[in-house]
Amino acid sequence: MATLRNQTTASGGVASYNNNNGQELTLQGPQDAGATLAIGYVREFCTRAAAFQRQRSEEALIYVQRSVALLSTKVQPHHFAPAPGNLELARFFVDLHALMGALDADGSAGGNQSEGDVLWGCVALVQHCSRNLEARRAIVDKFCFVPLLGLLIRRTQRTERVYRLLVLLQDLTYGIHIAWEEPYLAALLEHLVEIVHGLDGGEGGAGTGAAGAVADDSHALLALSVLVNLCYKNFAVLFLFLRSVNISAFCRCIQSYGLLAYKMLIILSEDVHAFEQRELHTFLRTAFAGIEDCLKHSNVAQLRHIVDFLLDSQCHAGLHRAMLSHSHYCEDVERLLNQIEARNGMDDSQEESRKHQALCLDLVFRLVSYILQLSGEDENVISLDAITPRLHEIVSEWLSSELCGVAAIDLLTTMMRLGKQAAVAKLIAREPTPVVNLVASAERPETKPAQVVAILRLLLVLLPESKTEKLVLAKISESYFDKILAAPLALMPQYLSTQSLSPAEVEKACFCLLLLVNVAGIAKKAYLDKCCTLLEQPQLQFCLARGMVSNNEPLVAAVLQIAQFDHFPKTAVAKHVAGISSGPSVGAAPTACSSDQAEQWRNLSSILKGHRTFTDKDMAQRVNALLDSIGGIVSRNELATAPISQVIELYNHRIDSLNGAAVNLEQRLEQAGQQLISGTQLAHVQAAELERFQTTNFELLISQERLQTQCKDLKHQTDKLKSNMTNLLKQLSENSASLQANERRLGVKKSEIASLRKDCDELRQNLSAKTEEFTKLEALNKENSSRIDKLKKSTVAYEQDIKEKVRTIEERERELAKTHKALEEQREACKKSEDLISVLETQLQERKQQIENLEMEQKETEDLRTTIMSLMESKKPKRKT
């Protein structure tokens with residue numbers, strides 16, 4: 001803890017220096033409003049943190065808390081990406097690290113609640129900064145926040161805060177590189193293993209019942225995820241983990257944790273856990289589901305972790321066999337394509353989101369390319385032919401991207417090389433625009449060498465195909481190769497060994513020459529002379545030699561293909577190869593280091609078998625039990641001879657001394673680790689400061705050269721002005737006489753001008769009078785014009801009215817003619833009706849006569865009936881009373 005305090009004080013001194021020199025610092029990069037606001041908040045935080053380090057008062061703590069809150073809410077994550085020479089951000093991260101180390105957490109002895117709140121505000125700020133990929137990389141690699149968070153998680157008791165720290169550690173440790181056994185690792189690994197086993201014992205802990213079980217499982221999953229991230233490709237961490245944990249119990253404990261358990265067991269190699277094929281197939285399906293989820297949320301770090309795990313499958317024999325026999329690639333990749341299309345349909349207006357999406361696509365394209373390469377190893381069930389058109393359509397949209405363009409081009413090249421029945425060649429021939437634009441971009445100087453190399457490799461695959469051969473030959477020319485080879489051709493031939501040429505430029509030159517050789521094999525008349533001329537250039541021969549001795553397998557294969565050309569300069573290239581091999585190799589160390597690491601990863605099983613000399617936890621427990629037994633025998637004086645007891649006593653004393661030495665070494669190692677963290681942070685701060693000074697110095701040199709040039713120009717102009725002044729003085733003396741004569745002439749001209757002025761005044765008076773008359777005439781003309789316009793409008797209206805009236809009269813006449821005709825028809829109908837009426841009247845008279853006759857008959861009949869009735873009444877017998 002004292003070491004931590006010392007480191008904090010030193011960092012506080014850095015913060016004070018930052019405060020004193022803050023007036024001289026300016027933010028590098030684009031000076032937009034957001035960046036200006038961000039740098040203001042950063043400077044305020046550094047000032048507040050330095051004040052708190054000097055005087056740990058409540059008021060200073062409140063100011064620090066306010067500054068942390070402003071940085072977490074007002075500043076976007078991309079403003080925390082440390083650009084080259086950005087000294088403010090480098091010192092900001094150093095001061096933030098020092099502040100977090102100085103504050104007391106809620107679980108420490110005598111902890112202050114206010115300091116705890118500020119500390120967790122700083123944790124939230126670190127999490128906010130880590131949303132930017134460059135800032136996350138700096139937080140982990142340059143400013144060493146992981147050891148600090150590892151210490152903090154051991155001191156924290158509250159469950160929800162432990163969860164937050166585990167989430168943050170999970171995000172920060174994706175792809176972390178740890179080259180040695182750093183002091184904080186042992187305690188952090190032990191604590192994470194305890195969380196996985198459910199032995200962390202936090203207060204407010206998980207509670208009881210189902211809620212407590214869910215909390216324990218979530219903590220265990222996160223802790224296991226952090227362990228996977230720490231152990232993956234970090235052999236020092238892995239060996240430390242194997243020494244400090246009971247592997248068999250740990251493997252049994254994590255069996256139910258799904259994808260993370262599979263990852264951890266695969267890292268531990270087949271010697272620790274032997275997988276069944278169905279388990280590995282389940283792991284693959286789960287991994288693809290995890291990739292789909294990462295695409296949905298644009299989680300680049302986790303996606304890179306999963307994809308790298310699958311790309312390293314050859315290191316694990318069982319996993320490699322499972323990937324070769326996996327039969328659901330088509331379905332899995334199709335789901336990934338669905339997610340990509342759904343993501344493309346969303347409106348991502350933020351540049352950071354688009355960048356994360358492109359990085360995710362880069363990883364997915366690499367994975368699909370690897371799957372296609374697996375299909376070419378032998379006859380197996382892998383096939384993506386069903387989704388080839390859709391895959392080609394999506395890849396074509398991202399060929400020109402800066403972030404994922406290289407992976408997209410490589411995937412298209414792999415599809416061309418391993419696809420069946422030239423399906424991709426047909427699709428390219430049908431829609432060649434993306435490839436044409438890609439070919440044109442290769443000759444532009446701003447295109448990155450890696451992208452140019454990918455384009456050249458694609459052209460090498462397209463050239464042998466009959467459907468795309470004409471397309472390639474039509475879009476390239478001799479100048480195309482000259483533009484691509486401009487960088488190596490610009491070198492001085494006599495100083496090739498002392499001039500620098502990047503490996504990317506060497507690779508670009510070699511693949512360009514290979515393409516030229518292949519094109520010359522097809523069109524010899526057009527390109528054979530060009531090919532021979534370029535191969536005779538010493539700069540390109542040097543590039544071929546560099547490619548021959550490089551550790552890049554595809555590059556060496558390309559040079560060997562060029563060597564099959566009839567006019568290949570074997571002697572010159574061999575001389576350059578000998579010179580390079582005898583001299584110091586440039587850039588070989590990092591490649592060799594990375595290849596050694598890859599070789600270790602491929603042979604992890606053999607490495608573990610060869611490192612059985614270390615003592616794991618089981619063995620340590622057995623040794624301690626044996627020592628306790630011997631100690632009991634010594635305490636009971638049951639040993640047969642005294643020398644043996646003396647040996648055991650000496651042995652126990654030696655063990656005690658060694659234990660004390662081990663404790664001292666651990667303390668010194670911890671102090672060295674803290675000093676290393678402080679030194680690493682200070683080195684990056686000084687590197688940023690040095691880069692800023694170099695930039696300022698370069699700008700000053702440019703200004704000095706510009707001022708010197710301007711000074712020379714001014715001197716030349718001064719000499720020219722002096723000579724001009726001498727010539728002008730001579731001309732002045734010569735023109736003095738002519739000036740006097742001109743003055744006399746001027747007097748005569750003045751008298752003439754006076755008379756002319758009088759004439760001019762008279763003419764002006766006449767002009768004014770005429771102008772007044774002209775004005776009156778113009779006014780009269782305007783009135784007449786307005787009257788004429790009105791009359792014209794009236795005439796037009798009258799004419800229109802007359803036309804309408806004539807049209808109405810014609811319509812009335814036509815209606816009148818129709819009316820007359822209808823009247824005649826009515827008259828004829830009336831005559832016919834009168835005749836009909838007369839006939840009907842005659843018939844009516846006849847009917848009336850008939851009715852009268854019938855009425856007479858009816859009356860007579862009625863009289864007869866009445867008579868009969870009366871007779872009948874008279875004949876009835878009378879009743880007796």
Side-chain angles (χ1 to χ4, degrees), residues 258-260 262-263 265-266 275-296 299-300 302-344 357 359-399 404 406-427 461:
L259 178 64
L260 292 173
Y262 289 126
K263 283 185 179 182
L265 295 175
I266 289 172
F275 283 99
E276 298 180 6
Q277 283 295 304
R278 61 177 182 82
E279 293 178 323
L280 293 173
H281 286 301
T282 304
F283 165 71
L284 291 176
R285 297 306 298 269
T286 311
F288 276 99
I291 293 174
E292 186 178 357
D293 185 68
C294 291
L295 280 174
K296 183 177 181 180
N299 192 336
V300 180
Q302 186 176 359
L303 180 59
R304 179 178 285 113
H305 194 270
I306 298 175
V307 171
D308 288 346
F309 214 93
L310 295 179
L311 294 180
D312 291 331
S313 62
Q314 292 182 349
C315 311
H316 193 279
L319 181 58
H320 187 60
R321 288 193 301 270
M323 290 196 72
L324 289 174
S325 60
H326 187 58
S327 58
H328 300 282
Y329 283 121
C330 198
E331 303 171 14
D332 296 333
V333 175
E334 188 170 14
R335 283 201 303 272
L336 299 184
L337 297 181
N338 292 336
Q339 189 59 49
I340 291 172
E341 289 180 346
R343 188 69 183 173
N344 289 340
Q357 182 186 7
L359 291 173
C360 289
L361 289 177
D362 176 79
L363 295 167
V364 172
F365 290 157
R366 285 172 50 199
L367 177 60
V368 176
S369 181
Y370 178 69
I371 292 171
L372 289 173
Q373 291 172 9
L374 288 178
S375 68
E377 289 189 7
D378 53 7
E379 294 296 330
N380 50 49
V381 297
I382 301 175
S383 175
L384 300 181
D385 296 336
I387 59 172
T388 296
R390 190 178 176 194
L391 185 59
H392 170 264
E393 180 182 358
I394 293 178
V395 169
S396 299
E397 296 176 0
W398 295 91
L399 291 175
C404 64
V406 175
I409 298 169
D410 289 340
L411 176 55
L412 186 60
T413 304
T414 306
M415 292 168 63
M416 279 288 303
R417 185 166 49 87
L418 300 176
K420 297 179 181 178
Q421 300 177 355
V424 181
K426 294 178 183 177
L427 294 172
V461 178

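A quick note: this is a predicted structure, and the numbers were derived from the prediction, not measured.
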Out of curiosity, Leu399 CG to Leu412 CG, how far, rounded to the nearest 0.5 Å?
-> 6.0 Å
Taking the side chain from Ser369 and the backbone from Phe365, do they hold a donor-acceptor pair closer than 3.5 Å?
-> no
Closest heavy-atom contact between Gly290 and Ile306?
-> C-CD1, 4.1 Å
Any side-chain heavy-atom pair from Leu284 and Leu319 closer than 4.5 angstrom?
-> yes
Walk me through it: do Val424 and Thr388 pass the test side-chain contact (heavy atoms from CB on, under 4.5 Å)?
-> CA-CA 7 Å; Val424 181; Thr388 296; 3.8 Å; yes
Given side chains that start at C-beta, do those of Phe309 and Phe283 come closer than 4.5 Å, heavy atoms only?
-> yes
Value for CD (Glu334) from CZ (Arg390), rounded to nearest 0.5 Å, stands at 5.5 Å
CA sep, side-chain torsions, deciding dist, call: Ile291, Asp332, side-chain contact (heavy atoms from CB on, under 4.5 Å) | CA-CA 10 Å; Ile291 293 174; Asp332 296 333; over 6 Å; no
Aromatic plane relationship, Phe288 with His326 - under 30° parallel, 30 to 60° tilted, over 60° perpendicular = parallel
Run the side-chain contact (heavy atoms from CB on, under 4.5 Å) check on Glu331 and Arg285 step by step: do they pass?
-> CA-CA 10 Å; Glu331 303 171 14; Arg285 297 306 298 269; 3.9 Å; yes
Measuring from Leu280:CG to Thr286:OG1, what's the distance to the nearest 0.5 Å?
-> 11.0 Å
Do the non-hydrogen side-chain atoms of His392 and Val395 ever get within less than 4.5 Å of each other?
-> no
Can we say Asp293 and Lys296 salt-bridge, meaning some charged N sits less than 4.0 Å from an Asp/Glu carboxylate O?
-> no
Evaluate the side-chain proximity of Ile340 to Leu295: yes if any heavy-atom separation is below 4.5 Å, no if none is.
-> yes
From Leu359 atom CG to Leu303 atom CG, the distance as rounded to the nearest 0.5 Å = 9.5 Å
Working to the nearest 0.5 Å, report the span between CZ of Arg366 and CZ of Arg304.
-> 7.5 Å
From Asn338 atom CG to Glu341 atom CD, the distance as rounded to the nearest 0.5 Å = 6.0 Å
Heavy-atom pair with the smallest gap, counting every atom of Met416 and Ala425 = SD-N, 3.6 Å
Is there a donor-acceptor pair under 3.5 Å between the side chain of Tyr370 and the backbone N or O of Asp312?
-> no
